[in-house]
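Notes follow once the structure below has been shown.
Just the heavy atoms: all of them, side chains too, but no hydrogens, waters or symmetry mates, feed the values below.
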Amino acid sequence: MDRLHAMRLYARIVELGSFTAAADDLGLPRATVTHAIKALEARLGAQLLQRTTRRVRVTSEGKTYYQHCVRLLADVDEVETNFREATLVPRGRLRVDLSAALARLLVIPALPEFLARFPQIELDVGTGDRFVDLVREGVDCALRVGDPGDTGMVGRRIATLPQITVASADYVRRHGKPKTLADLEDGHYAVHWASPTTRRPEPLEFVVGRRRREITLPGRITVNGADAYLACCRAGLGIAQFSHYRIADELADGRMCELLPEVRPPALPMTVLYPPQRQMPARLRVFIDWLVERAALQFGDRGP
C-alpha cells in the first residue's frame, strides 16, 4: 500500500475509532488494514494507535500525524478535483439524512427531476429523528429543522418555516377552542414532545409582540418521535405545535384546527449541514443547490 493510501486508511481509523469499521468502510480485508498500520508505524518510528479489545485510542503522536494527514489529503483532493471539475459532470454516490417528514413531503416527490438532471448521481437516503454523526457515519449532508446547535458542521440555512398551534377537530369538540393564552391554561392539555437529546418535555412556545412566551400544559402522553407526536395530536390527545407544511392537508380538510393564530410559535430555520472541507464534491454542491431551489418553491423563503 502506497503512502497516500496508508494516510487515508489511518485517517479513517481515527475518525471511526475502529480497524474493523475502517476496513468495512473502505472495502478492505481486516488483515490488510492491520498490516498497513503496522508498516506505517514502523516507517515513522512511532506508535500512532493503542489497540484495546473494543476500540483504538489515538496516541499524542497519532493525533499530530492525523492533523497533518487531514491537511495533506485535503490538498491532494483539491488539486485532483480542480483538474476534474472542468470536464466531469457530477457523479457518484451521495449519502443524505433527512427527517421522515421532510423526505416524504419535500424531497422524495421531487427526486425524479433531480435524478433526471444529474443521471450519474446515486442517492442513499436515510430517514429518522436521531442525531447523525456525519463524519463517523460517512454521511455527506443532513437536512434539519430547528436550531442545529454547535455540531462542528458547516450549516447553510435554506428556508424559514412558519409554525402553528393545532388540535384535532375531535379535541376542539370536547374541550373547546381557546381564544387567548389565558384560555389555553384553563382546562387544556398538550401532547408532550421530549427532546431526544435532553429527554425533557418541551413547553409550547408563542410570540407575543416581540417576546417569546413559554407555557407548559398538563398532558398524559410524552413522545420523542415526530411521527408519534403527529399521530397523538390527530388522535385528540392534546394540543401540539408543528411546521405548517406538516399538516397543511389536515387543516384544509378540517381534521385539524389552528389555535391562537395571532400568537403563533416562532418560525424555525431549515438548515442543510455538511462536514467542513476545502473542496466540496460536485455531487454535494449540486444537491444542496437543488434543495435551495425546492425550499424556495415550497416555502417561498430561502433564508440568509
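For E214 against E205, the heavy-atom pair with the smallest separation is OE2-OE2, 3.7 Å. Residues T127 and A100 come closest through the heavy atom pair CB-CA, 4.1 Å. Here the shortest heavy-atom pairing between V223 and C232 reads CG1-SG, 4.0 Å. When every heavy atom of R136 is checked against every heavy atom of L16, the shortest pair comes out as O-CD2, 2.6 Å. When all heavy atoms are compared, the tightest approach of T59 to L49 is CG2-N, 4.2 Å. When all heavy atoms are compared, the tightest approach of R117 to E113 is NH2-OE2, 2.6 Å.
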(request) Applying side-chain contact (heavy atoms from CB on, under 4.5 Å), run through I239 and L184 and close with a yes or a no. (result) CA-CA 10 Å; I239 293 169; L184 191 68; 3.4 Å; yes
(request) Could you walk me through whether L102 and Y245 pass the side-chain contact (heavy atoms from CB on, under 4.5 Å) test, one step at a time? (result) CA-CA 9 Å; L102 287 173; Y245 81 95; 3.1 Å; yes
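Considering only residues two or more places apart in sequence or on other chains, F19 meets the ring-ring contact (aromatic ring centres under 6.0 Å, His included) condition with none of them. For R294, the side chain to side chain contact (heavy atoms under 4.5 Å, CB included) partners two or more places apart in sequence, or in a different chain, are L106, A110, W290, L297, Q298.
Using the six-membered ring where Trp is involved, Y229 and W193 have ring planes that are perpendicular, over 60° apart on the 30 and 60° scheme.
H188 contributes atom NE2, which lies 6.5 Å from atom CG of D183 (distance to the nearest 0.5 angstrom). Summarising the geometry, atom OG1 belonging to T165 is positioned 3.5 Å from atom CD belonging to Q241; distances are rounded to the nearest 0.5 Å.
Shown here is R104, whose CZ atom has more than 12 heavy atoms of other residues, nucleotides or ligands within 6.0 Å. Heavy-atom contacts from other residues, nucleotides or ligands closer than 6.0 Å to OH of Y189 number 12 or fewer.
When side chains are defined from C-beta on, C141 counts as touching V96, because their heavy atoms get closer than 4.5 Å. Contact check for I121 versus F287: no side-chain heavy atoms found under the 4.5 Å cut-off.
Between D75 and R71, no side-chain nitrogen of the basic residue sits less than 4.0 Å from a carboxylate oxygen of the acidic one, so the salt-bridge criterion is not met. With respect to the salt-bridge test (charged N to carboxylate O, under 4.0 angstrom), the residues E137 and R95 do not qualify. One finds no salt bridge joining R93 and D140 here, because no Lys/Arg side-chain nitrogen approaches an Asp/Glu carboxylate oxygen to under 4.0 Å. Look at E15 and R12 and you find a salt bridge, because one of the NZ, NE, NH1 or NH2 atoms lies within 4.0 Å of a carboxylate O, short of that distance.
Two different hydrophobic clusters hold L161 and V207 under the rule that ILVMFWY side chains link at heavy-atom gaps under 4.5 Å.
Remark: of the listed residues E258, H244, Q163, E258 is the sole one forming a side-chain hydrogen bond (donor to acceptor under 3.5 Å, both in side chains) with R264.
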